[in-house]
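This one's a predicted model, so the numbers in the text were calculated from it and none came from an experiment.
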Amino acid sequence: MKFDLVKKDKVLKATSAIADKQGIKAFVIGGWVRDLILKRPCKDIDIVCEGDGISLAQAVLQKINPSAKLTVFKNFGTAHFKHNDIDYEFVGARRESYNSDSRKPIVTDGTLDDDQRRRDFTINALGISLNKEDFGQLNDPFDGLAHLESGTLKTPLEPGITFSDDPLRMMRAVRFATQLSFNIEPETYTALKKNAHRLKIVSRERVIDELNKIILTPQPSKGFVILFNTGLLQEFFPQFCLLHGVEQKEGRGHKDNFYHTLEVLDNICESTDDLWLRWSAILHDIAKPATKKFEPVHGWTFHGHEDRGARMVPKIFAQLKLPLNEKMKFVQKMVLLHLRPIVLAQEIVTDSAVRRLLFDAGDDIDSLMKLCHADVTTKNEYKIKKYKQNFELVKQKLVEVEEKDRIRNWQPPIDGALIMKTFNLQPGREVGLIKTAIREAILDGEITNEFDAAYQLMIKTGAKLGLNAVTV
């Protein structure tokens, strides 16, 4: 099979000419070749040469754009530049060997054959020649093209060696299987199970980077099931694994919260690409194992799992090396509030309840509603219809109350400074009691969300506390 690349890419055309002039062999290899065949977009082109990759990159960039910046990593023998919004990386062909306690290879110069053998999967070992004599010719020593056509993931070498050498390749296997909807070849799948413990030598940041790529696929549940069944998930996210299974007592069981959570995750992927809202779906029921109780009258209960789950979020984010910033706080808020719209949808929707939901959710109310929609996984058609009708009512109420009362991201019209000035107080208990009374009265609809009404209530509340207004 041949590919005509010269007409399409100025950099590859220049690389071809310079490689021939220098008398070295050069190839496009890896993900770009894979995606070219699959007709998927790809903005990264890796070029391997049997020689000095840095020198080749310098000559190519000098020819196409002498003023552009070349980034060189001498320790890795690589050079990188960007052209027309595409990243080009040049490297000399390498042979690799590994120590058992590190995934960092010992690198020596090698041939294209050596370089293809060190690749993680056969579909990523495909190369296309850039030399004039066989320009565009596909080099496929491990039947990668056949595996692309059959949707199969397989390692070039014995999979136990491939995964033991660099255990991150196991996470990449799951990621590619999920992204491409490929099946993992049986021997390769078995090697994932046998080498799962090796994931311990990989930095948590690299593991979670692959996990996030899985989460951002259209159907991440496929990846999570593979991670769980191979034992990989247990190595870095044991709390999630505790959701798995159904316990029976007195003939009554609860739903399997592991698969329920994955269904919620897939559901929310239909409405958002937001990684952190997807993480909210993953963690929304994370405290159910810790709050599970069997009550003879009600059966299995998980009382307070939303509150306990929200308190677990910072620890889980720290453990997984996820950002401990506003993204974590957003997930924490979603976990804490995820039952509120569902409870509203089951009851009479009062203005007061809607005001409180708007006050607590703020600008994240739309994300919260998406999460709650995704959380409805019942197969009962009557219940589905009822939930949908009630959710529409809640949505309508949210719009009406927001337009009327302006509660979203609301700050009470009376602040602590004015309370202290009015009653000549220092910061303390009385100030907090008055602020709470004003907030609750507005949320309950007892007074309007306006300064005059709030001021009068401040004076009355202060008088009940035995305080005299200095200025009225």
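Side-chain contact between Arg119 and Ile29: present, with at least one pair of heavy atoms (C-beta onward) separated by less than 4.5 Å. Side-chain contact between Phe27 and Leu112 is present, with heavy atoms from C-beta onward closer than 4.5 Å. No side-chain heavy atom of Lys255 sits under 4.5 Å from any side-chain heavy atom of Val246. Contact check for Phe90 versus Ile54: no side-chain heavy atoms found under the 4.5 Å cut-off. Side-chain contact between Ile18 and Leu56 is present, with heavy atoms from C-beta onward closer than 4.5 Å. Between Asp143 and His147 the shortest side-chain heavy-atom distance falls below 4.5 Å. Here the side chains of Thr377 and Glu263 are in contact, with some heavy-atom distance below 4.5 Å. Side-chain contact between Asp266 and Pro220 is present, with at least one heavy-atom pair separated by less than 4.5 Å.
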Give the intermediate values and the outcome of salt bridge (charged side-chain N to carboxylate O under 4.0 Å, His left out) for residues Asp9 and Lys13. CA-CA 6 Å; Asp9 194 287; Lys13 183 177 181 180; over 6 Å; no
Q. For Ser129 and Asp134, what are the C-alpha separation, side-chain angles and deciding distance, and is it a side chain to side chain donor-acceptor pair (under 3.5 Å)?
A. CA-CA 6 Å; Ser129 174; Asp134 58 352; 2.6 Å; yes
Take His244 and Tyr259 through the ring pair (Phe, Tyr, Trp, His ring centres under 6.0 Å) test and state the conclusion after the steps.
CA-CA 7 Å; His244 187 271; Tyr259 291 104; 5.6 Å; yes
Before you tell me yes or no, could you show the steps for Ser55 and Gln22 under side-chain contact (heavy atoms from CB on, under 4.5 Å), namely the whole-Å CA-CA distance, both residues' side-chain angles and the distance that decides it to 0.1 Å? CA-CA 10 Å; Ser55 174; Gln22 293 183 353; 4.2 Å; yes
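Cation-pi geometry between Lys288 and Phe302 is satisfied (NZ or CZ under 6.0 Å from the ring centre, within 45° of the ring normal). Geometrically, Lys293 does not engage Trp300 in a cation-pi contact, judged by NZ or CZ lying under 6.0 Å from the ring centre and within 45° of the ring axis.
In this structure, Gln219 contributes its side chain and Ser221 its backbone to no donor-acceptor pair below 3.5 Å. Between the side chain of Thr217 and the backbone N or O of Ile214, at least one donor-acceptor pair lies under 3.5 Å. At least one donor-acceptor pair closer than 3.5 Å links the side chain of Asp256 to the backbone N or O of Gly245. Checking side-chain atoms of Gln58 against main-chain N and O of Gly53 turns up no donor-acceptor pair under 3.5 Å. Not a single donor-acceptor pair under 3.5 Å links the side chain of Asp140 to the backbone N or O of Leu126.
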For residues 173-180, tabulate all N or O donor-acceptor pairs below 3.5 Å that involve a side-chain atom, not counting sequence neighbours.
from, atom 1, to, atom 2, distance (Å)
Arg175, NE, Glu210, OE1, 2.8
Arg175, NH2, Glu210, OE1, 3.3
Arg175, NH2, Glu210, OE2, 3.2
Thr178, OG1, Val174, O, 2.7
Thr178, OG1, Gly223, N, 3.4

Side-chain donor-acceptor distances from residues 33-48 under 3.5 Å, at least two apart:
from, atom 1, to, atom 2, distance (Å)
Arg34, NH1, Asn124, OD1, 2.6
Asp35, OD1, Arg40, NH1, 2.8

Distance-only check: which donor-acceptor pairs under 3.5 Å involve side-chain atoms of residues 80-87, not counting sequence neighbours?
from, atom 1, to, atom 2, distance (Å)
His80, NE2, Asp87, OD1, 3.0

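Residues Asp360 and Arg356 are not paired through a salt bridge, judged by the lack of any N-O separation under 4.0 Å between the basic side chain and the carboxylate. Salt-bridge check for Arg172 with Asp120: passed, with a basic side-chain N closer than 4.0 Å to an acidic carboxylate O. Using a 4.0 Å cut-off between charged side-chain N and carboxylate O, Glu235 and Arg198 make no salt bridge. Salt bridge status for Lys370 with Asp366: absent, with no side-chain N to carboxylate O gap under 4.0 Å. Of the charged side-chain nitrogens involved, at least one lies within less than 4.0 Å of a carboxylate oxygen, so that Asp307 and Arg311 count as a salt-bridged pair. For Asp273 and Arg278, the salt-bridge test passes: some basic side-chain N is under 4.0 Å from an acidic carboxylate O.
In the model, Thr111 has a side-chain atom that pairs as donor or acceptor with a side-chain atom of Asp114 under 3.5 Å. Residues Asn65 and Ser67 bring a donor and an acceptor atom of their side chains to less than 3.5 Å of each other. A donor atom on one side chain and an acceptor atom on the other are not found under 3.5 Å apart for Asp285 and Thr261. If you check the side chains of Asp274 and Trp279, you find no donor sitting under 3.5 Å from an acceptor. Using modelled atom types, one finds no donor on one side chain facing an acceptor on the other under 3.5 Å when comparing Asn131 with Gln137.
Checked against the 6.0 Å centroid criterion, the rings of His254 and His260 do not qualify as a close aromatic pair. Between Phe142 and Phe121, a ring centre-to-centre spacing not shorter than 6.0 Å is recorded.
By the 6.0 Å contact criterion, CD on Glu205 is enclosed, its count of non-hydrogen atoms from other residues, nucleotides or ligands being greater than 12. Crowding of Lys292 atom NZ: a count of heavy atoms from other residues, nucleotides or ligands under 6.0 Å exceeding 12. For NZ of Lys25, the number of neighbouring non-hydrogen atoms (other residues, nucleotides, ligands) closer than 6.0 Å is 12 at most. For Arg204, the CZ atom counts as densely surrounded, since its 6.0 Å shell holds more than 12 non-hydrogen atoms of other residues, nucleotides or ligands.
Closest approach of Leu337 and Pro341 over heavy atoms only: O-CD, 3.4 Å. Here the closest heavy-atom approach between residue Phe224 and residue Leu262 is recorded as CB-CD2, 3.6 Å.
In this structure, Phe258 and Phe228 have tilted ring planes: the angle between them lies in the 30° to 60° band.
Looking at Thr15, Leu12, Leu70 one by one, the single match for side-chain contact (heavy atoms from CB on, under 4.5 Å) with Val60 turns out to be Thr15.
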